[in-house]
Protein chains: 4
Amino acid sequence: MKLKRAALNIVIDPDAPIPIYMQIIIQIKGLIASKVLAPGDKLPSVRKLSRQLGVNPNTVARAYQELEREGIIRTTRGIGAFVGKPTLKVSAQQRSEFMSRILDYLFTEAYHLQYSKEELYSMFMQRLEQWNPDKSC
Amino acid sequence: MKLKRAALNIVIDPDAPIPIYMQIIIQIKGLIASKVLAPGDKLPSVRKLSRQLGVNPNTVARAYQELEREGIIRTTRGIGAFVGKPTLKVSAQQRSEFMSRILDYLFTEAYHLQYSKEELYSMFMQRLEQWNPDKSC
Amino acid sequence: MKLKRAALNIVIDPDAPIPIYMQIIIQIKGLIASKVLAPGDKLPSVRKLSRQLGVNPNTVARAYQELEREGIIRTTRGIGAFVGKPTLKVSAQQRSEFMSRILDYLFTEAYHLQYSKEELYSMFMQRLEQWNPDKSC
Amino acid sequence: MKLKRAALNIVIDPDAPIPIYMQIIIQIKGLIASKVLAPGDKLPSVRKLSRQLGVNPNTVARAYQELEREGIIRTTRGIGAFVGKPTLKVSAQQRSEFMSRILDYLFTEAYHLQYSKEELYSMFMQRLEQWNPDKSC
DNA sequence: GTGGTCTAGACCACA
DNA sequence: GTGGTCTAGACCACC
């Protein structure tokens with residue numbers, strides 16, 4: 001009996017306002033951040049993942065290409081796609097500007113959802129505590 | 001002589017990947033969250049704001065429509081658009097799910113940008129301290 | 001009678017080993033470098049250029065997207081694509097490494113084509129003299 | 001005891017966008033141009049080089065085939081592959097057209113990377129001075 | 001087998 | 001009208 005690697009836990013919502021290829025990108029980045037995927041791991045082939053998700057191979061290919069451009073994965077023709085080693089391709093300024101924009105978004109939405117200072121703080125801290133960016137899984 | 005309210009501080013980047021109407025929405029929500037706009041304040045008319053931003057009136061109208069759908073503003077034909085009182089239109093579950101998704105995004109990006117726990121904590125706390133959701137302006 | 005902007009002088013060789021979308025990128029960059037296209041100029045629409053070149057609109061769209069990522073052009077949905085102002089998005093190191101690689105290629109090919117030092121020098125200088133990177137056209 | 005020739009200094013980047021066999025071709029042409037390999041020198045066998053580079057023997061074989069097609073090397077079954085005498089297989093017109101295309105590319109990229117006339121000149125001259133196409137090694 | 005490119009044609013979001 | 005996304009399916013280059 002053949003051993004099968006577990007399929008990646010990715011869910012696509014074709015009706016979401018955000019494009020499918022972007023959903024794939026975000027979720028793969030999430031799987032890496034949560035250590036489900038580690039540097040060197042092989043990603044499913046374009047065709048395989050497209051079958052699994054029920055989308056067109058082109059759509060998965062596009063997601064992989066964007067991930068490669070961001071330096072998140074490496075792909076080699078005839079071989080496959082692999083999770084890359086974490087390397088920073090952006091300047092310190094871009095890095096903090098980008099994070100700043102996300103925090104803008106977070107606080108604005110928190111306001112409109114009427115979060116209190118305490119509620120937001122505790123929600124954030126709970127996540128932060130179980131967040132281990134550097135410890136190996 | 002007519003008294004003129006200062007123009008809203010909204011900046012449009014026509015080259016951004018995110019649509020102009022969305023940029024308007026985000027920034028109006030941001031102005032409300034930062035207390036520049038308070039409940040009951042009159043928003044500029046569609047025509048006026050479109051002239052100020054140099055965009056098509058349709059684009060501003062679309063932004064106002066979406067804001068009204070979210071319950072952020074109220075518009076009355078022939079009168080104008082006004083900032084609404086903060087009222088929650090979503091269930092407690094939706095509220096926390098939505099916030100959770102934003103935090104997912106925050107931590108995932110923080111990971112790929114190689115933020116340390118400490119760095120992320122201090123960046124968040126700095127923002128939290130100067131955030132006053134309930135105090136009246 | 002309607003005034004028609006002259007079509008861009010772009011030639012596609014579908015049999016070339018280099019992809020069509022890349023041929024389009026290279027030639028548009030060439031047209032900008034040679035001042036045929038200046039910052040602010042409107043590029044033909046995706047559909048129009050695809051008809052002119054006899055290729056699929058997707059292929060042109062891909063070329064435009066890559067050019068936008070390189071910061072060479074700006075595109076806005078519903079409006080069109082425009083030549084951007086020259087701005088450098090790469091580090092000094094990347095810049096000189098990239099140029100160095102092109103020179104490697106130049107000298108290696110020159111060797112195998114048996115160019116003499118003098119011949120190569122005069123060919124280069126002839127081009128350099130008529131090269132005006134900053135003078136406005 | 002057997003005398004061993006030093007291994008060729010060839011570096012493969014499996015993640016580069018350009019195919020591996022092409023990387024081999026370019027670097028062998030470079031080694032010849034820089035006189036590390038001279039006419040008559042024996043190239044490593046396909047198997048040996050493939051082991052050294054950690055790539056598939058087919059990939060090295062393909063590189064050798066293309067080099068032979070270009071007249072750069074000669075291969076004899078059962079004997080091995082040897083660097084050929086420099087012989088021009090192209091017409092004068094093809095030769096100058098090809099060089100012209102490389103210069104097009106050079107100047108276009110220099111423009112977009114915002115090289116000045118002086119900077120480009122000095123970069124070129126520096127390379128030209130240490131370039132000795134005809135002197136025997 | 002792998003990923004890369006291209007076509008044909010569709011629908012959507014935007015201005 | 002514009003560009004953006006997606007599907008269906010094809011062929012190629014590479015390993």
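Lettering of chains follows the sequences in order, A, B, ..., and the numbering in each one begins at 1.
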Counting any heavy atom closer than 4.0 Å, what does B:V55 reach on the DNA or RNA strands: base, sugar-phosphate only, or nothing?
nothing
Which of E:dG4, F:dC15, E:dG3 is nearest the side chain of A:V46? It is E:dG3
Taking atom types as they are modelled, is there a donor-acceptor pair under 3.5 Å from the base of E:dG9 to the side chain of C:N58?
yes
Distance in angstrom units between A:L53 CG and F:dA8 P, rounded
14 Å
Hey, which sits more toward the 5' end of DNA chain F by its nearest nucleotide, A:N56 or A:T76?
A:N56
Short side-chain to backbone donor-acceptor contact, B:S45 and B:K48, under 3.5 Å
yes
Within the distance-only criterion (no hydrogens, no angle test), does the side chain of C:H112 pair as donor or acceptor with the backbone N or O of D:K29 below 3.5 angstrom?
yes
Return the 5'-most residue of the pair C:I79, A:I20 with respect to DNA chain F, ranking by each residue's nearest nucleotide.
C:I79
Euclidean distance, atom CZ of residue C:R74 to atom P of F:dG3 [Å, nearest integer]
13 Å
Main chain of A:E97, side chain of A:S100: is a donor-acceptor contact present, judged purely on distance under 3.5 Å?
no
Does B:E66 use its side chain to pair, donor to acceptor, with the backbone of B:A61 at less than 3.5 Å?
no
Using whole Å, report how far CZ of A:R69 lies from P of E:dG4.
12 Å
Any donor-acceptor pair, under 3.5 Å, between the side chain of C:R47 and the base of F:dG1, if you only look at N and O atoms?
no
Length of the CD1-C1' vector between C:I24 and E:dT7, whole Å:
13 Å
Go through E:dT5, F:dT5, E:dC14 for me and flag the one nearest to the C:Q65 side chain.
F:dT5
Identify the nucleotide, in any strand shown, that forms a Watson-Crick or G-U wobble pair with F:dG3, with both distances under 3.5 Å; if there is none, say none.
E:dC12
Candidate nucleotides F:dT5, E:dA15, E:dC6, ranked by approach to the side chain of A:R62 - the nearest
F:dT5
Side-chain donor/acceptor of D:T108 to backbone N/O of D:D104, under 3.5 Å
yes
Could you pick out which residue, C:Y21 or B:Y21, lies toward the 5' side of DNA chain E when each is mapped onto its nearest nucleotide?
C:Y21
In whole angstrom, what separates A:I73's CD1 from E:dT2's P?
15 Å
Can you tell me if the side-chain N/O atoms of A:Y64 get under 4.0 Å from OP1 or OP2 in E:dG3?
no
Rounded interatomic separation in angstrom, taking CZ from A:R51 and C1' from F:dT7:
16 Å
What nucleotide among F:dC14, F:dG4, F:dC6 has an atom nearest to a side-chain atom of A:T59?
F:dC6
Exam field: side chain B:E68 to backbone B:T75, donor-acceptor pair closer than 3.5 Å
yes
Just compare E:dC14, F:dC15, F:dA8 and give me whichever is closest to any side-chain atom of C:R77.
E:dC14
Tell me: CD1 of A:I18 to C1' of E:dC12, nearest whole Å?
16 Å
C:S45, nearest nucleotide to its side chain (from E:dG3, F:dC6, F:dG3)
F:dG3
May I have the distance from C:F82 (atom CZ) to F:dT2 (atom C1'), rounded to whole angstrom?
10 Å
Would you mind telling me which of F:dA8, E:dG3, F:dG3 lies closest to the side-chain atoms of C:T75?
F:dG3
